[in-house]
Amino acid sequence: MGNHKSAHKPTHSVFFIYGYALGEFGFTFFLFFISYYLMVFMTDVLKLPTALAAVLYTGVQWVEAVTMIFSGLYIDRPHRLNGKFRPWLIIGSVILLAGMVVFYTVFPVAVWLRAVIFVLGYLVAYWGYNLMWVSYRTMLGPLSRNPQDAISLNSASAQMGSAAGLCFSFICVRLLNSFSTPEAGYTMSALAYGLLIVLCMAVVSRLTKPFDNRKLYADGKASGHAHSLKETIRVFSAPMRVFFLAVIFREAASTILPSLLVYYFTYVMGNEGLMSTYLTVVSCSGLIAHFFARKLANIFGKKQMFIAGSLVACVCILSMQFTADAPAAFMVLVAIKAFAEIFSGSFIPAFMTEIADYNEYTIGVNARAFTSAVGGTALRFAQIIGGAIASFGLVVIGYSSGEAMTPGMISGISGLMIYGSTAVIVVSIIIMLFYKIDPDVMEKIYQQRIEALEKENAGS
């Protein structure tokens, strides 16, 4: 018979935990390639006018948000004999691969037609990504037999994401420059990253097969029937509404700063090659932070660490204005900022799982895929806000590819990146102060899972 103490330990092996985490290792390459190189690809490689690039960069992300929501609604329906979530890991990753290769390819056609092809390819890619991402995140529910399972799976995924970022920092520039033209470099990079994602999701799908379609909750509350749209909307409980808004503004900063970094390194610091160093520093710092994140979050709480980490990030970003001529000092600030940000971005899946548990046990709605989709939609809205600030900001300061840079443009890039990022983080901190989930209620929820685990062990 299981005991109370064992129920507080992860029920999965280290091999299984990091096997699941391979999913995040794979799609992190896509996220990094989008975050750091999409904007410069549109303006300097695809050769779209800066104003048009700004409109497209912002506009397509509204469609991303819609497909994220519908992905959650669709996946929550009870269907498929071969699994409720796993099939979408493979289907979504293959669609992502095809779309990414298309939108990162420069076709020899008129500019307006390039723009059309880019938009279609981008939307297809994110349709696949959303199906894959929602399924992957939602699998945390069926895989988690107790609170430590969810924490361990989430932490391992975040670690593998940082490891992927470190790998990306070493290979991205080399891969882009390994071909005869920049155009070929982007296309082949997209193909390589896309194939890696498909491979990683195939491994995750195979590994998690025994858990798909199992009861999502140990006490049997999940009935398996499809909720109406009216019932599903009840997912937007008070904690979800606060979390949704806080994440939108917090992660908007994670779009503004990366989108402008290539321009910042090239025109403000005068060294485009610093991007590789930056990515290495960010990934290493994040990887180190993961070893402290779980312990600090358990001691002080996820919400408190979210707020504290965001405040530290603000200080670091504001201090960057004094390091334009000091790359080493800039990288020190980057390392501290990356360490602190672990407590915001990397804890988003843990917050979503907590809210899903809270909603199930307090309002009786079992809509885990939709809950994951809402969290993912918050990230999409964050990209919309951050992308709009970055792209239209470039329009406002008068940036245009190939034109001579003026002191005003250089100053504008610096101010846009530093003050734009800081402003949205401050808004997220204020909103997060209102996030409240009763810890006593959560303790009861976890205790029910522990008791169910003991009964299952006794029966086996």
Side-chain angles (χ1 to χ4, degrees), residues 34-61 111 114-115 118 173 176 182 186 249-279 281-282 313-334 336-337 382-428:
I34 292 290
S35 296
Y36 294 103
Y37 286 97
L38 181 62
M39 180 63 72
V40 74
F41 169 78
M42 294 173 70
T43 60
D44 293 14
V45 181
L46 201 57
K47 300 295 184 182
L48 299 181
T50 305
L52 177 60
V55 171
L56 295 181
Y57 189 74
T58 303
V60 293
Q61 295 181 64
V111 171
R114 287 186 192 174
F118 171 83
V173 175
L176 282 173
Y186 275 92
F249 287 97
R250 181 63 188 85
E251 292 304 299
S254 298
T255 297
I256 297 170
L257 196 145
S259 296
L260 296 172
L261 266 176
V262 173
Y263 302 98
Y264 185 82
F265 287 144
T266 302
Y267 302 114
V268 178
M269 302 191 79
N271 187 348
E272 185 178 357
L274 287 174
M275 178 59 81
S276 292
T277 304
Y278 169 88
L279 292 171
V281 169
V282 166
C314 284
V315 173
C316 290
I317 295 172
L318 287 172
S319 299
M320 289 177 182
Q321 63 186 304
F322 306 111
T323 62
D325 299 320
F330 181 88
M331 293 304 169
V332 170
L333 292 172
V334 162
I336 299 172
K337 170 180 166 292
Q383 288 181 327
I384 292 170
I385 293 175
I389 293 172
S391 57
F392 285 106
L394 288 174
V395 175
V396 170
I397 67 174
Y399 175 82
S400 181
S401 176
E403 292 191 8
M405 293 294 293
T406 65
M409 291 181 189
I410 294 173
S411 176
I413 290 173
S414 179
L416 188 61
M417 187 183 81
I418 292 171
Y419 296 112
S421 299
T422 303
V424 293
I425 294 177
V426 170
V427 173
S428 77

Legend entry - Gap separating the OH atom of Y267 from the OG atom of S414, nearest 0.5 angstrom: 15.0 Å
Legend entry - Shortest non-hydrogen contact from A253 toward S421: CB-O, 3.7 Å
Legend entry - pair Y37-L176: side-chain heavy atoms closer than 4.5 Å: yes
Inset, instruction - Identify the heavy atoms of V395 and A51 that sit nearest to each other, and give their distance. - result: CG2-CA, 3.8 Å
Inset, instruction - Compare all side-chain heavy atoms of M405 with those of I413 and state whether any distance is below 4.5 angstrom. - result: yes
Legend entry - T406 (side chain) donor-acceptor with M409 (main chain) under 3.5 angstrom: yes
Inset, instruction - Check the pair L261, M417 against side-chain contact (heavy atoms from CB on, under 4.5 Å), reporting the backbone distance first and the verdict last. - result: CA-CA 8 Å; L261 266 176; M417 187 183 81; 4.0 Å; yes
Legend entry - Qualifying residue, where the test is side-chain contact (heavy atoms from CB on, under 4.5 Å) with I389 and the options are I384, T255, I256: I256
Legend entry - Atom of V173, atom of S276 and distance for their closest heavy-atom approach: CG2-OG, 3.1 Å
Legend entry - Donor + acceptor pair across side chains of Y399, S391 (<3.5 Å): no
Legend entry - Value rounded to 0.5 Å, distance of CD1 in I336 from CE in M331: 13.5 Å
Inset, instruction - Taking all heavy atoms of G412 and all of I397, pick out the closest pair and write down the distance. - result: CA-CG2, 3.9 Å
Inset, instruction - Answer yes or no: is there a side-chain heavy-atom contact under 4.5 Å between L257 and I317? - result: yes
Inset, instruction - Any chance you could measure I418, atom CD1, to C314, atom SG, to the nearest 0.5 Å? - result: 12.5 Å
Legend entry - Any donor-acceptor pair under 3.5 Å from T43 side chain to M39 backbone: yes
Legend entry - Check: L46 main-chain N/O paired with R114 side-chain donor or acceptor under 3.5 Å: yes
Inset, instruction - Answer whether the closest heavy-atom distance between the side chains of R250 and I425 falls below 4.5 Å. - result: yes
Legend entry - Heavy-atom pair of closest approach, residues A115 and L56: CB-CD1, 3.9 Å
Legend entry - Set of residues satisfying side chain to side chain donor-acceptor pair (under 3.5 Å) with respect to Q321, sequence neighbours excluded: Y419
Legend entry - Distance (rounded to the nearest 0.5 Å) between I410 CD1 and Y264 OH: 11.5 Å
Legend entry - Least distance between heavy atoms, M42 atom then A53 atom: CE-O, 3.4 Å
Inset, instruction - Please step through side-chain contact (heavy atoms from CB on, under 4.5 Å) for the pair F330 and F265, ending with a clear verdict. - result: CA-CA 11 Å; F330 181 88; F265 287 144; 3.6 Å; yes
Legend entry - Any donor-acceptor pair under 3.5 Å from S411 side chain to G408 backbone: no
Inset, instruction - Would you sort out whether L394 and L260 count as a side-chain contact (heavy atoms from CB on, under 4.5 Å), showing the intermediate values? - result: CA-CA 9 Å; L394 288 174; L260 296 172; 4.0 Å; yes
Inset, instruction - Quick one: pull up OG in S319 and NZ in K337 and give me the separation to the nearest 0.5 Å. - result: 12.5 Å
Legend entry - Step-by-step side-chain contact (heavy atoms from CB on, under 4.5 Å) determination, L38 to F118: CA-CA 11 Å; L38 181 62; F118 171 83; 3.8 Å; yes
